[in-house]
Every structure is written in structure tokens, then in C-alpha cells.
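Counting starts at 1 for both ligands and their atoms, following the listed order. None of these values were measured; they are calculated from a predicted model.
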Amino acid sequence: MQAERDQWGSKIGFILAAAGSAIGLGNIWKFPYLVGENGGAAFIIIYLISILIVGLPTVIAEVLIGRTAQSNPVGSFKKLSNNSIFWTAIGGMGVFAGFVILSYYNVIAGWCAGYVVESLKGTFSTINNPAMAGELFAGLSSNPAWTLGFHALFMIMTVGIIYFGVSGGIEKAAKTLMPLLLLFMLALVVRGITLEGAKEGIIYLIKPDFSAINERTVLLALGQAFFSLSLGMGALLTYGSYMSKDDNLVNCSLNIVILDTAIALLAGFMFFPALFALGLQPDQGPSLIFNILPAMFNSIPAGGFFRVIFFLLLSMAALTSTISLMEVITAFFTEEFNLSRKKATIILGVFVFLLGVPSALAFGPMQNVHIFGKTFFGVADFFASNILLPLGGIFILIFVGWRWGMKEAIPNLIQGSRKHSAILLNIWKILVKFIAPVLVLIVLLFKILG
Ligand code: PHE
């Protein structure tokens, strides 16, 4: 028999932990550069529509599976499908995705922590143009000792939290880190929009130019909605499994989605006004935060201080995401193999660290090792975020809409809510059964084929 499962201490604890999973590098690093490369406000509008018709319904479906089954992804699908091998394997695909994503995500998270240390050491104080910042970044990220050291450090922090369990580890961390994150972010937004010349950047974010929209934009927006909400691999399912059946599931899901979206938008307001104020172009691409930003801070008043705040913010956002990935695999190993949590976290931490080594070295000694034309890091990211997550998302939707079925799903969904609107329930049903899976399928096919 299994020991009694841990639970969230409060509803707000669950919301903050799940929002912490969702809010991460996807919001602060990826979202702004996608906005910058794809037409500003017009991209934001498409993104918001994707969140509403695919993101939110899928978040509800995923949390619902977990809360109903009260188990890890594998155990949950097994239970609700009455031991179907196929559906159990779908849960297994989520756990597998957890390993893959954590292995390379943790490398980037390590860089963020490394940049906090470098900022404190004053490494950036003489860097005053993006080219110099780029060179510095290339030097650091290709240095095995630096990149592996911070990869290890970040894994130790992740394991250190998961070791203490759901309410004692994850919930405590989320309750401390999330308010701080919001505070830091607001400080940086205020810093950005009060710079001289910031107005142009604000206009860029609110005035849509629809000529910038094409089918690629739509695909990118939908894919980003998925990654940003931590959907499709069982992170929200696992967090949902520690949720009380007395809490309002739809209301919690809505809060998670609103928080995640608000932070992505705030990240836009953190970067673009400052970029425009300093006369830089918005389309800086993925290199924005490590190549350009460190130099940018030297041109603004109190920049050194805000640079530390910025990289701390990134590290905290990444940490609340790495712990959710770690929790998925930990829940699986403790529940399916009866391992103790403490033993499991340490073994898994070492294992995932090793799995991440080729990704970490992909920017240095292993940069010429290519698989399918990409570095190890590139393959891991592409495979996880472009294939495993959307595929997992489709299966979650099909499972709730058709296999487990709405007849079972709806009563479980409304358990814990005092009022519910029949119209909204019907809209959710139609989105889950038809619209969302078809849209995600289209995205997946385009990404694989194109
Ligand atoms: N949502 C996280 C981010 O935006 C990434 C993530 C994906 C975390 C999947 C957990 C699971 O950075």
C-alpha cells in the first residue's frame, strides 16, 4: 500500500504553484522575442485568442484528470482508462517529456543563475555594446566548467525543494518566490516605461499591425500558448492530483491562466519600452536576454542594480518551473515503484543532470555534434516542445472528450463549485471535443512537415 498522498495546504497554494510552473523562461524570454519578431500587438492578439480557445480548456482538462485520479500521469491514465495499455503509455509519454524538458531547461535556468553571480561580480560593468555582451555570453556558455557548474547548482536547488514534498517544499517555495517575482517585475516595468523615449515601445505593444500576421504567426502563437502554460506533459495533471475536491477547479484554472498571461504581457512591457528608448530594434530574437540585455542595463540609471534584479527574477521564474518538471518524474517513481521521495529525488537529480550534460556542452565542446542537423540541445528542445507537448495535449483532450468521456468528466469538474453556468460548460465541452484538438493537430502537422 502507498503512504497517504500529500496535498496542497490551501487553494492559493495550488494556484501559485501551478502558476509558478506555467510562468517561466517561456514567458520572460520566449514570449517577448516572439512578439518582437512577429509584429508586436498583432501577435499578442493571436496569442490571447489561442489561450482562450485552446489553452484554458486544456488546462481545465489536464487538472481535472489529475484531481479525479489523484495520481501521477501514468497512474492517472491507467486508473481512468481501466488499465488500458495504450492510455497508460500516454501517461508515460508525459513523464518521458518531463525528463527531456528538464534536462535542457535546467541548463538555461543555470545560465540565469550564473548571470546573477556574474552581475554581482561586476563582470558586465565594462560591457557597453551588444557585440561585447555577445562575446562574453559565447565565452561563458561554451566554457564547460561554467555551464556545467551552474547546471549542477540549479539541479541541486530543484532537488532541494522537491525533497521536502508538495506542501512542505513546492508550496512554500511558490508562496515565497511568486510574490517576489511579481514585485521585481513591476519594478523593472516601471524602470522601462519611465525611460526617455519609451513611448514608442508602448505603442508597439498596443497598436496592432495585422499585415504582420500569417499562418506561421498563428502556429507560433498556439505552440507558445502550450509551452507557456506547461501543457501536454502532465505537470498540471500532477499538481492537480494534490488538489482538494472541495476547491473550485474551473476558478483555479482560470486564475492560473490569467497569471501566466499577465506575466507574459508584463514581460513585453518590461523589454520593449526600454529597447525603443535605447534605439534598438524590437526583433532581437532569442539572444535578447543574454546577448543584448546585459549591455543595455549599462545605459540606464541604476542599471547595475536592475540587472541583478532581472536575472534573479529569471532564475526564480525558472526554478518554479523546474520543480514542476521534477515533481512529475518524482511522483511517477515514488508512486509506481514505491521508492521513498527522498531517495527518488536524489537519484533522479543525478540522472537528469547527466542527461543534460550533452545539452550543456552543445554550446561549447559539442557544438559540432549534430543529430538531424541540430545540436543536442536543439534536438531536445524541438522534440519536446514541438512534438511531445502538442501530441500529449491532443491525447489529453481526446481522452477527456471521448475516451473517459464527458459523462464522467462533467460531474467531477463541477465538484467543489457552488455555481456553474450550463452555457460555459457546453462551450468547454465543444472546445475540448472538437475545436481544440483539431487546432492542435493542425499545428503539430505544420511543425513536423514545415
Ligand atoms: N511553462 C514553462 C515556461 O513557460 C515551461 C514548462 C513546460 C514547464 C512544460 C513545465 C512543463 O517556461
Whether [X] and [Y] hold their rings parallel, tilted or perpendicular, with breakpoints at 30° and 60°:
X: Phe272; Y: Phe276; answer: tilted
X: Phe77; Y: Trp87; answer: parallel
X: Phe99; Y: Phe351; answer: perpendicular

N or O contact, [X] vs ligand 1, cut-off under 3.5 Å:
X: Met233; answer: no
X: Leu389; answer: no
X: Ser324; answer: no
X: Ser228; answer: yes
X: Gly26; answer: yes
X: Ile23; answer: no

| Is the shortest distance from a Lys or Arg side-chain nitrogen in Arg341 or Glu327 to a carboxylate oxygen in the other one below 4.0 Å? | yes
| field | Interatomic distance, Ile213 atom CD1 to Ile46 atom CD1 [nearest 0.5 angstrom] | value | 4.0 Å
| Nearest protein heavy atom to atom 4 (O) of ligand 1, by residue and atom, and its distance? | Ala22 O, 2.9 Å
| message | Give me the residue, atom name and distance of the protein heavy atom closest to atom 7 (C) of ligand 1. | response | Phe227 O, 3.6 Å
| message | Quick one, Phe395 and Phe86 - any side-chain contact, counting heavy atoms below 4.5 Å? | response | yes
Determine whether the side chain, the backbone, both or neither of [X] has a heavy atom under 4.0 Å from any heavy atom of ligand 1.
X: Tyr105; value: side chain
X: Ala318; value: neither
X: Ser230; value: both

| said: Quick one: does any side-chain atom of Trp8 pair with a main-chain N or O of Tyr239 as donor and acceptor, under 3.5 Å? | reply: yes
Only heavy atoms of [X], strictly under 4.0 Å: list the atoms of ligand 1 that pass.
X: Asn27; answer: 4 (O)
X: Leu25; answer: 12 (O)
X: Leu325; answer: 10 (C), 11 (C)

| Evaluation steps, salt bridge (charged side-chain N to carboxylate O under 4.0 Å, His left out), between Arg403 and Glu408 | CA-CA 10 Å; Arg403 174 60 164 80; Glu408 295 284 329; over 6 Å; no
| note | What one should report as the nearest heavy-atom pair of Ala436 and Ile53 is CB-O, 4.0 Å
| message | Looking at every heavy atom in both Thr68 and Lys245, which two are closest together, and how far apart are they? | response | O-NZ, 3.2 Å
| query | So is Trp29 in contact with ligand 1, going by heavy-atom distances below 4.0 Å? | reply | no
